[in-house]
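Sequence lines set the chain letters: A, B, ... in the order given, protein chains first and strands last, and positions in each chain run from 1.
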2 protein chains.
Amino acid sequence: MIRRFRGESLHKVDAKGRVSVPAAFRRVLEEGDPDFSRGSSPNFVIVYGGVRGDCLEGYTISSISKVDKLISKLPRFSKDREILERFINTQSTYMQLDETGRIVLSNRLKEKIGIGDEAIFAGMGEKFQIWEPKNYQNELNALDSSFKNLSEDENPFLKLDQLQD
Amino acid sequence: MIRRFRGESLHKVDAKGRVSVPAAFRRVLEEGDPDFSRGSSPNFVIVYGGVRGDCLEGYTISSISKVDKLISKLPRFSKDREILERFINTQSTYMQLDETGRIVLSNRLKEKIGIGDEAIFAGMGEKFQIWEPKNYQNELNALDSSFKNLSEDENPFLKLDQLQD
DNA sequence: TAAAATTCCATGATATCCCATAAGATGGCA
DNA sequence: TGCCATCTTATGGGATATCATGGAATTTTA
């Protein structure tokens, strides 16, 4: 089975910017790092630009590679490619878990998403997000109400069954 | 034969949040976990967000993987995909039965559905649900009365045979 | 050399494992 | 067809490991 990022959890951010990555996510990061071996700590990538500026997105090495490959398929020098490279390559950084399963968020990253002394991790399948708690709640509320306003045939749950395997 | 989740049963939730999963359901979970082997314990997934907030829903690995695969077909960063991942990945968690066939419900999960020291498991074919007993009874009653108010051609029993494969 | 970043150690809380038991279900056999 | 032996299930308690978090010590770097 390929494990995916699932679940949400709240973590303290200390004065140095250290945060624990949820234990369940670590397993996924380990599986997704081809260079990982027992006893070491997995590498992964954090994208801080992205479509939305309001959260950080963490990718395993293998899932960011998929995205990189897709970008490489776009014509060199095309505007599209340039934009995506800007967001996904330029505005991202490698990270490594420390021995206790933490990462450190630089001031730059913290400011980017307005984080104080708490952070919420949210699993999103092939990636996870890091949010400032209040912003996260707003995001959920917004999502909820936009979901409620959808018509029957806009409902993504129902659309799922129309996709073919 | 592909076994399905069938039947309902009531179980104690102890101080640590431990509950026995009905033995019949365990067989289904075992069959639905590609990594399961005799002697080990099956993994599965509990979704706690979903369209309805009033119960937990348990899926086998293989049935949740089907959903995950469909979601992965949607364009990355699309609204639809985001909504579905929020409901199905973010608001869910991996679970593993222990040797005696139990799982532990975290406080978070218990609060989510208002569970005290008892829980009802209800088989729903490809998934099962976990309810606080009183809420479950209300749900049954509501379903009953809404069913009674349906006209002939709204009756799902009758619609069943009109579907084609 | 001062500030920043990284490594190392410590600890309480939580979750997980391991063992125990009683009741019920199952099946064999007289 | 009634009784006994055995297995499975549901449940509880205690021991142990993992996790989240904080602080000190050491290294790096500007």
Please write out each protein N/O paired with an N/O of nucleotides 24-30 of chain D under 3.5 Å, distance rounded to 0.1 Å.
residue: D/dA24; atom: N6; partner: A/Lys16; partner atom: NZ; Å: 2.4

Tell me: CG of A/Leu29 to P of D/dC19, nearest whole Å? 13 Å

B/Glu82 side, atom CD; A/Ser146 side, atom OG - distance, nearest 0.5 Å: 9.0 Å

If we ignore hydrogens and angles and just use 3.5 Å, is the side chain of B/Asp33 paired with the main-chain N or O of B/Asn43 as donor and acceptor? yes

Does A/Ser72 use its side chain to pair, donor to acceptor, with the backbone of A/Asp68 at less than 3.5 Å? yes

Output the rounded distance in Å from CG (B/Asp117) to C1' (D/dA10). 15 Å

How is B/Val13 classified with respect to the nucleic acid when contacts are heavy atoms under 4.0 Å: base, sugar-phosphate, or nothing? nothing

Within the distance-only criterion (no hydrogens, no angle test), does the side chain of B/Gln96 pair as donor or acceptor with the backbone N or O of B/Ser41 below 3.5 angstrom? yes

Picking from D/dT9, D/dT11, D/dG12, the nucleotide nearest the side-chain atoms of B/Ala23 would be D/dT9

Can you tell me if B/Tyr136 and B/Glu8 form a side-chain donor-acceptor pair at under 3.5 Å? yes

Sidechain-backbone polar pair: A/Ser9 side chain, A/Pro22 backbone, donor-acceptor under 3.5 Å: no

Run through A/Leu109, A/Asn107, A/Ile113 and flag the one making a side-chain contact (heavy atoms from CB on, under 4.5 Å) with A/Glu111. A/Asn107

Between P of D/dA10 and CD1 of B/Ile120, the distance in whole Å: 15 Å

Which whole-number value in Å describes the distance from A/Asp98 CG to D/dG23 C1'? 14 Å

Check this for me: does any side-chain nitrogen of one of B/Glu85 and A/Lys127 sit under 4.0 Å from a carboxylate oxygen of the other? no

Through what angle, rounded to 10 degrees, does the axis of the helix from C/dT1-D/dA30 to C/dA30-D/dT1 turn between its ends, using five pairs per end? 40°

Hydrogens and angles aside, do A/Arg6 and B/Ser92 bring a side-chain donor and acceptor to less than 3.5 Å of each other? yes

Closest nucleotide of DNA chain D for B/Arg102 versus for A/His11: which of these residues is on the 5' side? B/Arg102

Taking for each residue the nucleotide of DNA chain C with the nearest heavy atom, is it B/Asn107 or B/Thr100 whose nucleotide lies nearer the 5' end? B/Asn107

Ionic contact status for A/Lys159 with B/Asp80, cut-off 4.0 Å: yes

d(CD, A/Glu99; P, D/dG22) in whole Å: 19 Å

Sugar-phosphate only, base, or nothing, as touched by B/Val19 at under 4.0 Å among non-hydrogen atoms: nothing

Between A/Phe147 and B/Phe87, is the ring centre distance below 6.0 Å? yes

Any base atoms under 4.0 Å from B/Arg108, or only sugar-phosphate, or nothing? Heavy atoms, all strands. nothing

Looking at A/Asp144 and B/Arg86, is any side-chain nitrogen of the basic one under 4.0 Å from a carboxylate oxygen of the acidic one? no

CD of B/Gln96 versus C1' of D/dA17: gap in Å, rounded? 15 Å

Give the first and the last nucleotide of DNA chain C, reading 5' to 3', that has any atom under 4.0 Å from a heavy atom of chain A. C/dT6 to C/dC8

